[in-house]
Each structure stands twice: as structure tokens, then as C-alpha cells.
Visitor: 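If you scroll down you'll find the structure; I have some questions about it.
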There are 2 protein chains.
Amino acid sequence: MSPKIIDKDAKKKLIVQAAMQVFSQKGVAKAKMIDIAKAAGIGKGTIYEYFRSKEEIFNEAFNAMFSDMDTMLNDVLQDTEDPMQKLILIIGITLDYHEKDGGEFAGVMMDFWAEGIRTKNEEVLNTINLKQIYEQYRTMISQIVREGIEKGIFKAVDPTAFAAITIAALDGLFLQIIMEPNIINIKNVKDTFTETLLAGLLCKKEDTILGGTK
Amino acid sequence: MSPKIIDKDAKKKLIVQAAMQVFSQKGVAKAKMIDIAKAAGIGKGTIYEYFRSKEEIFNEAFNAMFSDMDTMLNDVLQDTEDPMQKLILIIGITLDYHEKDGGEFAGVMMDFWAEGIRTKNEEVLNTINLKQIYEQYRTMISQIVREGIEKGIFKAVDPTAFAAITIAALDGLFLQIIMEPNIINIKNVKDTFTETLLAGLLCKKEDTILGGTK
DNA sequence: ATATTATTACCGACCGGTCGGTCATGTAAA
DNA sequence: TTTACATGACCGACCGGTCGGTAATAATAT
């Protein structure tokens, strides 16, 4: 009566994983379904038992990635009350995350960005919403900065702008690392990066750079 | 004897411009030749009178963009001897450049990055070489930082790492601006950005952030 | 002036390859 | 034998690039 039973969820993950590999190597647009199938060691048709379309695989990969990241960040933030320490942890976690799965994340991130950029704001794209993710991220960091300012630890910078710049710098560094892993690797620049970025928060100098020189 | 004569170069530029528009809206992969033709107000076949392939248009756009940027930067750097001022100018120019042609540059940059990332290091891609461009950029900035340190104006940071981070931050901010022009626009964050990034260079504090807290 | 003609510029129907997605035909477990 | 699962040959939409034909221009001939 009961037939062959396989773990559907496990197979779905397998396919997503294979897709991530192919996506990161070729880019989503150039990744063929047959490539994904081969990478997963299954037939092309089988993919369609688990996903409706290539788009759906892409969405699944996207969501998996960010919910994972989100969990890690929230876990880590429990560890300390010190705002500076929190920022250091966020930066560390974010940078380290990019090395996950042999840097697969990296290549695909490009396509997430591309997709995010070209998504019209009005259209509610119910699956992928990179903008929303960025907003959460921004809120998280600006909240910490505000906390630091209130506690008198940080200089009174604009928390939102600072958050935006922190995220920007992280993304950009990420981009550099993807592009030139030999020249710029995480271990080398992580500390300098953290120092450079956060120095401005502690530096109490009254005369600003722009005001001083211009 | 003499036939219809038109300005081939002008038309080439027209096509590149139209292509840039379409590329930035749809992405290079999804941009159809017919879209480019329509945007340029010409027939599809005509494009092939001026370019061999879509790839060639992409390359042309890429080169035009960066040689333009390069010229602007070199011009501006003549204006001052002060290292801090030089850095401020570089940041300003780079950020402003992204608003050129109604932000068209922005969308296409995504594809340049994607292309750059997926270009194998070994293969000499004779037309597009984003990595080389980044190297020049990095050299330029690290040179200025080195200058500043020698003159005793800057703290003794690692010039190369600082250059990498500056470029990273610029790229990342750029990415943010593309994604959320309403929230993060250049005029709003330019100053905070410059302040935040360059603060670390002047701040003479001996105890480092990482050393102090960890 | 006006017609002729050589040459260039332009065009879009068409071709051929590609690839996402389907489905008829399996196969293996129970 | 039944039923879930797997597959790859096949289909057809799509799109980059081609090509034969047409329009525009200007030198030349009338």
C-alpha cells in the first residue's frame, strides 16, 4: 500500500544548495535548470516536483540565506550590553557570514542586489524584499548607536545616517572581498575596518573635518 | 558618387546611451536588442551596423563610463596639495558621479560588478577589467594617505587597508543609494559619510577600539 | 533644373539555437 | 500490485544575430 517515501524537505534543501552553487558561479540569469539538476545529481524534471520555477528556487535561496543570518545576529546581540561591543559583533558576524559555504553566498548576493534594485517599490513582491531586510538592519544598528549616545559613550552622530553608512561599508567591503579575495580578505581587513568605522563614534573632537578644512 | 553621410560616432554614442538606459532598467541579461533599438529610435538591424553584439555595446558603455570618471578625478586632484582635502574631493566626485544622467550609471554598475566578480582572474578579459580599475583607485587613495601620514597630518593607519575600506564604503553607499534613493540620497549623507570615514585618520587616541574593549 | 546612379544607411521579417517547463514512461518501495 | 517518485525526450516561446531589400543622399550627367 504505502509507496516509496523520501524526505521532501531534505531534497528541497539539496536542490536549493545545488542552485546556490550554480547561481554563484554563473549568475542567476545564465544558470540553466539542467546545470542545477546536474549539480544536485538528479534529473531536470525532478526539480519541478519541488519547485514551480527557477524564480521560486531563487526566492527560496534568498529567504533561507537571510533568515539564517538574522538568527545569528539576534543570538549574538544577547551576549553583551555594551553598544560598542554590539557593533563590533555585528560587523564581525556579517563579515564572517560571507565565508560560509566556501563563499557561495558572495556571488549570489550580487543577483539579490540586482533583483532588489530593479524591484519597483510599488509592487509588493511578497517573496523577496531586500529593502525590508535593509530597513530592519538599519533600525537595529541605529538603535544601538542611539543607546551609545544616551549612555554618553558615543559622540552625538546622526544614528540613522551612521547606520546607513555602516551597512554601506559592510556591503561594499563584501563586494571588494568577492572581487579580489587574494588582495582583500576578511582576516586582513576586519580589524582595520572596525577601527576605521567606529573611530568616529569615540573621537570627541569638536572641530569637524569638513568644518575645519573648508 | 558620394552617398548619405552621417556622424557614425554620434550615432554610436546614441546607441550606447540608449543601451545604458535599458540596461539600468532591466539589467543587461534581460535587455533585448529590440528594446535598445526602440530606446534609440532606430531599427534593430541598424544596431549591428555599429556593434557586433550586445556584449560589445556593454563593453563600450563600461569603458566610456570609467575613462570619463578617471578624467574627472585626475582633474580635481590638481586643485589642492592637502591630503585631507584630496580625500574629501575624491569622495565628493565619486558620489556625485552616480547622479549623472539621471542615475543611469547606478543600475548598470550592478552588472559591471556581476561581470567583474564572475570574471576568472586567469583569463585576460581585454575589454573590461574592473579589477584593474579598482587597483588604480586603491593606489591613488593609499598614496594620498601615505602622504598625509608622512606630513604628520594623519594617524599611522595601514594605507592600503584604509584605501580598500574607503572604496568599499563608497561602493556600498552607492548600492544603498541605488536601492533606496528616497531614504538615502547623496545630499543627505555625503557629509556624515565623509566625517565618519575620515574621522579615524585625525583621531590621535592611542588606545584602539578593539584593544580597549576586548 | 532634373534625372541618373553609386554608395551608404536603415530596416524588420526571418532563421536557428537555446532553454524553461511538460508529460508519458519508467522504477522502486511497500 | 499499487503508488510515490524520477526522468529525459520533447515542445514551443523567445531572442540574438543575419540578410535581402528599401530609402536617403549627393555627385554626375543631361
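What you see below is based on every heavy atom in this structure, not just the backbone, and it leaves out hydrogens, waters and symmetry mates. Since the model is a prediction, treat every value here as computed from it, not as a measurement. Proteins get letters first, then strands, A, B, ... in listed order; numbering begins at 1 in each.
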Visitor: Which nucleotides of nucleotides 11-24 of chain D have their base under 4.0 Å from a protein heavy atom (B), which only their sugar-phosphate (S), and which neither (-), written as one string 5' to 3'?
Guide: ----SBBB-----B
Visitor: Can you list everything that forms a side chain to side chain donor-acceptor pair (under 3.5 Å) with Y50(A)? Sequence neighbours excluded, please.
Guide: none
Visitor: Suppose we screen for side chain to side chain donor-acceptor pair (under 3.5 Å). Which residues come up paired with D35(B), at least two apart in sequence or across chains?
Guide: K26(B)
Visitor: When you get a sec, tell me which of dT7(D), dC5(D), dA6(D) is the closest nucleotide to the side chain of K8(A)?
Guide: dC5(D)
Visitor: Only distances under 3.5 Å count here; give the side-chain donor-acceptor pairs of residues 140-147 of chain A to other protein atoms, sequence neighbours excluded, each with its distance to 0.1 Å.
Guide:
unit_1: S142(A); atom_1: OG; unit_2: R138(A); atom_2: O; d: 3.1
unit_1: S142(A); atom_1: OG; unit_2: T139(A); atom_2: O; d: 3.2
unit_1: Q143(A); atom_1: OE1; unit_2: R146(A); atom_2: NH1; d: 3.2

Visitor: Measure up the F66(B) and F112(B) rings against each other and bin them: parallel (under 30°), tilted (30 to 60°), perpendicular (over 60°).
Guide: tilted
Visitor: Under 4.0 Å between a side-chain N or O of T46(B) and OP1 or OP2 of dC11(C)?
Guide: yes
Visitor: For Q132(A), enumerate each residue passing the side chain to side chain donor-acceptor pair (under 3.5 Å) test, keeping only those at least two apart in sequence or located in another chain.
Guide: N129(A)
Visitor: Return the value, rounded to whole Å, for the distance between atom NZ of K12(A) and atom P of dC5(D).
Guide: 13 Å
Visitor: Determine the contact category for I47(B): base if any of its heavy atoms lies under 4.0 Å from a base atom, sugar-phosphate if only primed atoms, P, OP1 or OP2 are that close, otherwise nothing.
Guide: nothing
Visitor: Kindly write out the residues that satisfy side chain to side chain donor-acceptor pair (under 3.5 Å) with T94(A), not counting sequence neighbours, or none if the list is empty.
Guide: Y137(A)
Visitor: Whole angstroms only, please: what is the NZ-C1' distance between K38(A) and dA6(D)?
Guide: 17 Å
Visitor: Would you mind classifying the nucleic acid contact of F51(B) as base, sugar-phosphate or nothing, using non-hydrogen atoms under 4.0 angstrom?
Guide: nothing
Visitor: Quick one: I42(A) CD1 to dC5(D) P, roughly how many Å, whole number?
Guide: 13 Å
Visitor: Starting at atom CD1 of I57(A), determine the distance to atom P of dG20(C), rounded to an integer number of angstrom.
Guide: 10 Å
